[in-house]
Amino acid sequence: MKQQLDTIQADALAAIAASADQKALDDTRVAFLGKKGTLTAAAAAMKDLPNEEKPAYGQALNVARKAVTEAIDAKLVELQEVEDKKSVDGIDLTLPPRELLEGGLHPLTLIKDRAVQILRRMGFALADGPEIETEYHCFDALNTPDDHPARNEKDTFYFDSGKLLRTHTSSVQIRTMEKATPPVRIIAPGSAYRRDEIDATHLSVFNQLEGLFVAEDVKLGDLKGTLEYFFRALFGTETEIRFRPHFFPFTEPSFEIDIKLHAKGQEPKWIEVAGCGMVDPAVFSSLAESRGDEVFDPEKVTGFAFGMGLDRLAMIQWGIKDIRLLIDNDTRFLKQFA
Ligand code: DAH
């Protein structure tokens, strides 16, 4: 019996050595160690031996099984090495690697993140609203009369349904105040759409950041302080800022904000960066109607709002001369920000 085991073991080792690839090796394993394998059968035969022979046979069986298993494992490693070598055959490992392209944030994302970071430090929370808006949220609720030029089909993208692509992020003010109770202090960055002729300073889609603060006793001084602080945090503490009286339907009084730009080799000049004002009581009154309560009673709350163009801010920050560069996806331009 023991001799028979020796023969099986010798056969197995020879078959393992002769296995030319992993498939052949696996077949060999099955032939000897599988359910119907030769060694497995030899183990099953043990039960027919006289009891006194069983221990010695069992031991010999274990030795044979261990030898065969180890030989298979070793052969597998050897075959894998051969495979690995084959797979890099013909590849010149001394060639320098291909350049790794590193991604980076888009300048619009960079400026938006910084603006949001500054305003969040001041207690403004992020708010959001749809880009496909109702006329009500984009215009009516913001006290914009029917004949206001911004509502014109020449200026606004309308859908057949009567909905439109929001022309500004100010609609988020309304959507927020429909649900919230004062104090409300939010900012809403997002896209806005206008039927502008495309040129170096206009696109039909651009990015705004809206802000709104409503509470008891919010004053014009709060508006000025907040926005002065904001623009100085963004562009540097020396930044000169002016508030120029203006008109917006949803604020009274209203202002445009200019900052003084010192471009290299040019006379300093004022450039408009935002619109702002004290929320018009008419906006609060229309909320009373849609909400059915007096939570935004213009006798009790006041507020300020502002809206700025992030594209414009990015152009100022990095001296970008043509707004179209911001949407061209030209890596020659974009990689300087990475
Ligand atoms: N919605 C204005 C625009 O798109 C910007 C603006 C002006 C927003 C004054 C405001 C504001 O919230 O108070 O030109």
Side-chain angles (χ1 to χ4, degrees), residues 115-116 119 122 124-131 133 135-145 148-152 155-157 164-178 180 184-196 201-215 218-228 230-231 241-259 271-284 286-287 296 298 301-313 323:
V116 167
L119 289 159
M122 298 171 82
F124 287 87
L126 277 168
D128 203 354
E131 290 177 22
E133 256 303 0
E135 274 200 74
Y136 173 76
H137 289 97
C138 198
F139 297 126
D140 299 301
L142 285 158
N143 194 36
T144 311
H148 192 279
R151 300 183 75 142
N152 201 302
D155 293 318
T156 301
F157 294 103
L164 47 81
L165 287 177
R166 69 179 178 196
T167 57
H168 52 186
T169 44
S170 304
S171 48
V172 183
Q173 292 185 22
I174 303 300
R175 294 215 171 251
T176 305
M177 287 191 285
E178 279 174 347
V184 172
R185 190 165 8 195
I186 55 118
I187 45 172
S191 306
Y193 303 82
R194 288 183 198 170
R195 296 184 73 155
D196 278 331
T201 51
H202 296 87
L203 290 172
S204 46
V205 52
F206 60 105
N207 298 273
Q208 281 194 321
L209 188 147
E210 189 77 16
L212 174 73
F213 178 33
V214 177
V218 177
K219 297 198 182 68
L220 185 56
D222 300 317
L223 163 65
K224 284 193 76 181
T226 301
L227 289 173
E228 274 173 5
F230 171 78
F231 283 110
I241 297 154
R242 76 177 181 196
F243 289 74
R244 191 164 32 77
H246 196 74
F247 173 80
F248 295 105
F250 32 89
T251 42
E252 181 59 36
S254 305
F255 304 89
E256 280 194 327
I257 301 174
D258 301 332
I259 64 170
I271 172 157
E272 179 215 323
V273 286
C276 65
M278 301 305 291
V279 178
D280 194 305
V283 172
F284 292 137
S286 80
L287 276 170
F296 286 92
V301 293
T302 50
F304 68 73
F306 57 90
M308 56 185 89
L310 291 169
D311 310 68
R312 173 78 58 92
L313 298 187
I323 194 172

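Atoms within each ligand, like the ligands themselves, are counted from 1 in listed order.
Residue-level contacts of ligand 1 at the 4.0 Å heavy-atom threshold are His168, Ser170, Gln173, Arg194, Gln208, Glu210, Phe248, Phe250, Thr251, Gly275, Cys276, Gly277, Ala305, Phe306, Gly307.
Atoms CD and OG1, on Gln208 and Thr169 in that order, are 4.0 Å from each other to the nearest 0.5 Å.
Within a 6.0 Å sphere centred on CG of Asp155, heavy atoms belonging to other residues, nucleotides or ligands number more than 12.
Asp128 is not listed as a side-chain neighbour of Val172, based on a closest heavy-atom distance of 4.5 Å or more.
With sequence neighbours excluded, the residues satisfying ring-ring contact (aromatic ring centres under 6.0 Å, His included) with Phe213 are Phe304.
Looking at every heavy atom in both residues, Asp280 comes nearest to Pro249 through OD2-O, 3.8 Å.
Taking the six-membered ring where the residue is Trp, the centroids of Phe250 and His168 are separated by under 6.0 Å.
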